Structure formats: C-alpha cells, structure tokens
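This report concerns only the one structure given below.
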Protein chains: 2
Amino acid sequence: MDLSKTISTLNNPVRRQILFWLKDRANFPPALPEHADLEGVCVAYIQEKAGLSQSTISSYMGLLKEAGLVISERHGQFTFYRRDEDAIRAFLNAAEKELLEP
Amino acid sequence: MDLSKTISTLNNPVRRQILFWLKDRANFPPALPEHADLEGVCVAYIQEKAGLSQSTISSYMGLLKEAGLVISERHGQFTFYRRDEDAIRAFLNAAEKELLEP
DNA sequence: TCCATATATCGAGATATCTCGATTTACAGC
DNA sequence: GCTGTAAATCGAGATATCTCGATATATGGA
C-alpha cells in the first residue's frame with residue numbers, strides 16, 4: 001500500500017471516474033458473447049466512455065494497476081480491467097490511519 | 001467538501017506531513033508564554049520543522065486552509081493553524097462514498 | 001512615527017502531469 | 001506467413017505544481 005502513489009493516481013478526475021464506473025459493468029456496453037463469463041471491462045469500452053484517446057486510457061489503466069486499484073487480466077487480444085475492492089478498502093484504511101487522530 | 005481540491009492538496013508529502021504533525025502540539029517547539037492558551041501552531045514553527053522556505057510553507061498552509069483541512073486564527077503578528085478534525089472526517093467519508101461499492 | 005518581526009503574495013525556473021498522435025507489440029484467424 | 005484488431009509504449013507540446021528569493025502587508029513596540 002503506497003499511499004503517495006495511490007493518492008497521485010487518484011488525483012485525476014478521469015481516473016477516479018473510471019474507478020467509479022467500474023463499480024457496475026452496466027456502465028459499459030454489454031460484453032461480447034465470447035466474453036460473457038469474464039469479469040472486467042476492456043480498454044476500448046473504457047476509452048469510449050471516457051472520451052479520451054486510446055493511449056491516454058491505456059496508460060491511465062496502467063497507473064491504476066500500478067497503484068493496485070485495479071486488476072487486469074488478458075484474454076486473447078483483450079485486456080480486462082476490474083476493481084480490486086480489497087486494495088481500495090486498504091487504501092481508505094491507510095488514509096484514515098494517517099489522517100485521523102490520534 | 002470539494003473532493004478534487006482536497007485530494008490535490010493532499011497530493012504532496014510535505015502537506016500531508018504537516019497535517020500529521022498538527023495532530024500533536026508536542027511535535028513543535030513549545031508556544032511562547034503569551035500564546036500558552038491559544039490553539040494551533042504558528043507558521044514559523046511549521047516552517048522550521050518542514051525545512052522549506054517561509055513562502056512555501058505559507059502558501060502550503062493557505063492551500064490546506066482553502067481545502068478546509070485546517071483552521072487559521074490570527075493573533076497579533078502570528079497566524080495559528082490547527083487541524084479541522086470535522087472537515088478531515090468529512091473528506092474521508094466523501095472519499096469512501098465515492099470509492100467504495102456500490 | 002519608525003523599526004523589527006511574522007506572514008502573505010509575487011514572479012520565475014525546474015520538474016511533473018496531461019494528453020495527444022504515431023509507432024510498436026501481442027494476438028487471432030485466414 | 002499475412003492481415004486486422006486491441007492494447008501498450010514512445011515522444012512531444014501544453015499546462016500545472018513545486019519551490020525559491022524578493023517584495024509587500026500587517027502588527028506590535030520603542
């Protein structure tokens with residue numbers, strides 16, 4: 001849990017929005033039939049929703065992954081990203097611990 | 001509670017450290033006798049502890065104040081800064097609400 | 001009023017972040 | 001192998017942040 005790294009990753013409205021959208025698969029177009037049983041959302045869908053370039057979203061997802069906030073899984077040509085709920089909770093706990101008294 | 005603004009204020013190790021130090025007055029030199037009954041720490045003490053320039057610390061304290069994380073009170077030539085515990089808790093609650101499922 | 005001290009503000013150079021388009025890599029299917 | 005699609009990486013210009021020293025403002029005391 002690198003608090004500094006996580007905070008700087010979250011210090012961007014688009015990355016926070018992506019993390020928010022990833023709470024619910026229904027925020028994205030339905031998965032292809034052959035991906036029906038896979039968790040996560042592929043980069044192209046996230047990109048379309050966010051309205052930024054493919055390269056930007058790819059690197060944003062890389063940052064979110066480095067910070068441990070998402071998990072990625074490759075299936076064929078597709079990379080699927082999903083939230084790491086445990087890591088997100090761990091970040092919030094660490095932030096509380098640092099910020100709150102005593 | 002402006003989450004974006006608060007996060008970017010916290011996206012700096014020195015500002016987070018200051019907020020941490022302010023948990024305990026004992027992290028700073030003892031107050032002058034004439035300030036014994038006042039809450040908070042003056043800029044010069046914070047500056048000395050942080051080891052950055054006076055102007056930098058003054059503007060950092062301004063940012064922390066703008067973000068609502070600290071409260072300032074002027075007494076004579078001195079400005080005393082102290083944590084706003086309620087606002088800090090409010091930030092953590094807002095962060096949880098945005099980040100956590102559902 | 002004049003001076004000293006505490007803090008705030010200003011202007012600027014160095015560094016980091018944002019975001020893009022172009023290119024590269026990885027993979028699937030023919 | 002060749003082609004097409006998905007994603008990752010690269011290089012760069014625009015913008016923001018960091019941090020400083022210099023200056024301005026506020027206040028208290030001689």
Side-chain angles (χ1 to χ4, degrees), chain A residues 2 4-19 22 28-35 38-67 69-82, chain B residues 2 4-19 22 28-35 38-67 69-82:
Chain A
D2 182 339
S4 280
K5 188 176 205 163
T6 306
I7 291 176
S8 54
T9 301
L10 291 174
N11 188 31
N12 175 289
V14 177
R15 289 193 294 264
R16 281 205 308 283
Q17 183 71 70
I18 290 171
L19 215 50
L22 287 176
F28 301 93
L32 299 174
E34 61 269 37
H35 296 148
L38 299 176
E39 276 187 280
V41 180
C42 65
V43 176
Y45 286 1
I46 299 170
Q47 187 212 331
E48 187 188 356
K49 184 102 179 168
L52 295 183
S53 74
Q54 185 270 323
S55 61
T56 297
I57 297 303
S58 176
S59 79
Y60 279 11
M61 297 318 294
L63 289 171
L64 286 164
K65 183 182 152 88
E66 261 194 86
L69 296 165
V70 302
I71 295 167
S72 77
E73 218 164 309
R74 183 118 202 193
H75 289 273
Q77 335 167 238
F78 297 83
T79 306
F80 294 86
Y81 287 97
R82 63 177 193 276
Chain B
D2 182 338
S4 279
K5 187 176 207 164
T6 306
I7 291 176
S8 55
T9 301
L10 292 173
N11 187 32
N12 176 288
V14 178
R15 287 191 295 261
R16 282 206 306 284
Q17 182 72 70
I18 290 171
L19 216 49
L22 286 176
F28 301 93
L32 299 173
E34 62 268 37
H35 297 146
L38 298 177
E39 275 187 281
V41 179
C42 66
V43 175
Y45 285 2
I46 300 170
Q47 188 211 330
E48 187 187 356
K49 184 103 180 166
L52 294 182
S53 74
Q54 185 269 322
S55 61
T56 297
I57 297 303
S58 176
S59 80
Y60 279 10
M61 297 318 294
L63 289 171
L64 286 165
K65 184 181 152 84
E66 261 195 87
L69 296 165
V70 301
I71 296 167
S72 77
E73 217 165 308
R74 184 119 203 192
H75 288 274
Q77 334 167 240
F78 296 82
T79 306
F80 293 86
Y81 286 97
R82 63 179 193 274

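Quantities reported herein were computed from a predicted structural model and do not represent experimental measurements. Every chain is numbered from 1 and lettered A, B, ... according to where its sequence line falls, protein lines coming before strand lines.
- Of the candidate nucleotides dT9(C), dA8(D), dT19(D), dT9(C) has the atom lying nearest to any side-chain atom of Ser58(B).
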Leu32(B) and Phe78(B): side chain to side chain contact (heavy atoms under 4.5 Å, CB included), yes or no, with the steps?
CA-CA 11 Å; Leu32(B) 299 173; Phe78(B) 296 82; 4.2 Å; yes
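- Put simply, the residue from Leu52(B), Asn12(B), Leu64(B) that forms a side chain to side chain contact (heavy atoms under 4.5 Å, CB included) with Ile18(B) is Leu64(B).
- The CG atom of Leu52(A) sits 11 Å away from the P atom of dG21(C) (whole-angstrom rounding).
- Where Tyr60(B) and Gln54(B) meet DNA chain D, the nucleotide closest to each residue was compared, and Tyr60(B) sits on the side nearer the 5' end.
- With dA7(D), dT19(D), dA8(C) as the candidates, the nucleotide lying closest to the side chain of Thr56(B) is dT19(D).
- Between Val41(B) and Arg15(A), the residue anchored nearer the 5' end of DNA chain C, judged by the nucleotide with its closest heavy atom, is Val41(B).
- Look at Asn11(A) and you won't find any side-chain N or O under 4.0 angstrom from OP1 or OP2 of dT17(C).
- A close approach under 4.0 Å does occur between a side-chain nitrogen or oxygen of Asn12(A) and OP1 or OP2 of dC18(C).
- Regarding Ile18(B), its CD1 atom lies at a distance of 10 Å from the P atom of dT19(D), rounded to whole Å.
- As rounded to whole Å, 12 Å separates atom P of dC18(C) from atom CD1 of Ile57(A).
- In this entry the distance linking CZ of Arg16(B) with C1' of dC18(D) reads 15 Å, nearest Å.
- Without hydrogens or angle criteria, Arg74(B) side chain to Gly76(B) main chain gives a donor-acceptor distance under 3.5 Å.
- Side-chain N or O atoms of Arg15(B) include none that pairs as donor or acceptor with a backbone N or O of Gln17(B) at under 3.5 Å.
- For Tyr45(B) and dT7(C), the OH to C1' distance is 15 Å, given to the nearest whole Å.
- In this structure, the CG atom of Leu32(B) is 14 Å from the P atom of dG28(D), given to the nearest Å.
- Side-chain atoms of Arg16(A) come within 3.5 Å of backbone atoms of Leu10(A) as a donor-acceptor pair (strictly under, hydrogens ignored).
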Side chain to side chain contact (heavy atoms under 4.5 Å, CB included) between Glu66(A) and Lys5(A): does it pass, once the steps are laid out?
CA-CA 9 Å; Glu66(A) 261 194 86; Lys5(A) 188 176 205 163; 3.0 Å; yes
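- Spacing between atom CD of Glu34(A) and atom P of dT5(D) amounts to 15 Å, rounded to whole angstrom units.
- Counting only heavy atoms from C-beta on, Ser55(B) has its side chain closest to dC20(D) among dT19(C), dC20(D), dG21(C).
- Rounded to whole Å, the distance from CG on Leu64(A) to P on dC18(C) is 11 Å.
- A heavy atom closer than 4.0 Å to some atom of DNA chain C occurs in Gly76(A), Gln77(A), these being the qualifying members of residues 70-82 of chain A.
- Within the 3.5 Å criterion, the main-chain N or O of Pro30(A) finds a donor-acceptor partner in the side chain of Tyr45(A).
- Closest-nucleotide positions on DNA chain C for Cys42(B) and Ser8(A) were compared, and the one nearer the 5' end corresponds to Cys42(B).
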